[in-house]
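Report on one structure; see the data block that follows.
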Amino acid sequence: MIWNFEPFSELERMRREMDGLFDRMGFATTGSYATFPAMNLYESDEDVTILVELPGVRKEDIQLDLRENVLVISGKREPEDAGQEAVNLRKERMAGEFRKTFRLPVKVDSNRADAQCRNGILTLKMAKAEEAKPHQISIQA
């Protein structure tokens with residue numbers, strides 16, 4: 001371990017690591033670390049698209065549930081094994097069960113949803129409900 005002789009820098013580093021650990025485990029949603037899994041959410045006039053990073057997670061181990069416009073992404077990532085002779089020197093990739101819940105920004109039609117998982121990226125595309133799509137209003141004379 002390399003020691004830094006500034007009085008509180010090591011304590012600050014340890015606090016950041018603990019915050020990140022709790023965030024990754026899903027116990028907190030604040031701080032500079034994002035909870036697992038990381039995702040991006042996009043909206044167009046016709047649909048909502050969500051890209052979720054799930055490295056090392058098999059599609060069979062992913063569950064998607066949508067109820068009353070609340071999406072739950074859950075699943076599990078199996079622990080990795082580098083072999084019996086390998087000594088773990090650092091572990092940042094968490095294994096085990098995960099669950100991420102959030103409310104979608106607009107109402108979607110769950111019957112018109114498509115999900116694909118390729119190269120560790122889950123792509124979920126959901127068509128907007130008709131009432132959520134923009135509508136042109138004509139001006140009467």
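Nothing here was measured: the structure is a model prediction, and the numbers come from that model. Just the heavy atoms: all of them, side chains too, but no hydrogens, waters or symmetry mates, feed the values below.
- Separation of atoms CZ (F102) and CG (L41) is listed at 6.0 Å; rounding is to 0.5 Å.
- When each of K125, K133, R112 is paired with E46, the side-chain hydrogen bond (donor to acceptor under 3.5 Å, both in side chains) condition holds for K133 and for no other.
- The distance from atom CZ of R67 to atom CG of N69, rounded to the nearest 0.5 Å, is 13.0 Å.
- The two residues F36 and E53 come nearest to each other via the heavy atoms CE1-O, 4.1 Å.
- Scanning both residues, M126 and A113, for their nearest heavy atoms gives CG-CB, 3.7 Å.
- Hydrophobic clustering, with ILVMFWY side chains joined whenever heavy atoms are under 4.5 angstrom apart, keeps L54 apart from L51.
- Residues V48 and V106 meet the side-chain proximity criterion, which asks for heavy atoms closer than 4.5 Å.
- Salt bridge status for E43 with K128: present, with a side-chain N to carboxylate O gap under 4.0 Å.
- A side chain to side chain contact (heavy atoms under 4.5 Å, CB included) with I50 holds for exactly one of L122, L71, L64; it is L71.
- Side-chain contact between D47 and Y42 is absent, with no heavy-atom pair separated by less than 4.5 Å.
- Rounded to the nearest 0.5 angstrom, R99 CZ and D65 CG are separated by 7.5 Å.
- Heavy atoms of other residues, nucleotides or ligands lying less than 6.0 angstrom from CD of E131 number more than 12.
- Within a 6.0 Å radius of CD in E60, more than 12 heavy atoms belonging to other residues, nucleotides or ligands are found.
- Cluster annotation: I62 and L104 are assigned to the same hydrophobic cluster (Ile/Leu/Val/Met/Phe/Trp/Tyr, side-chain heavy-atom contacts under 4.5 Å, transitive).
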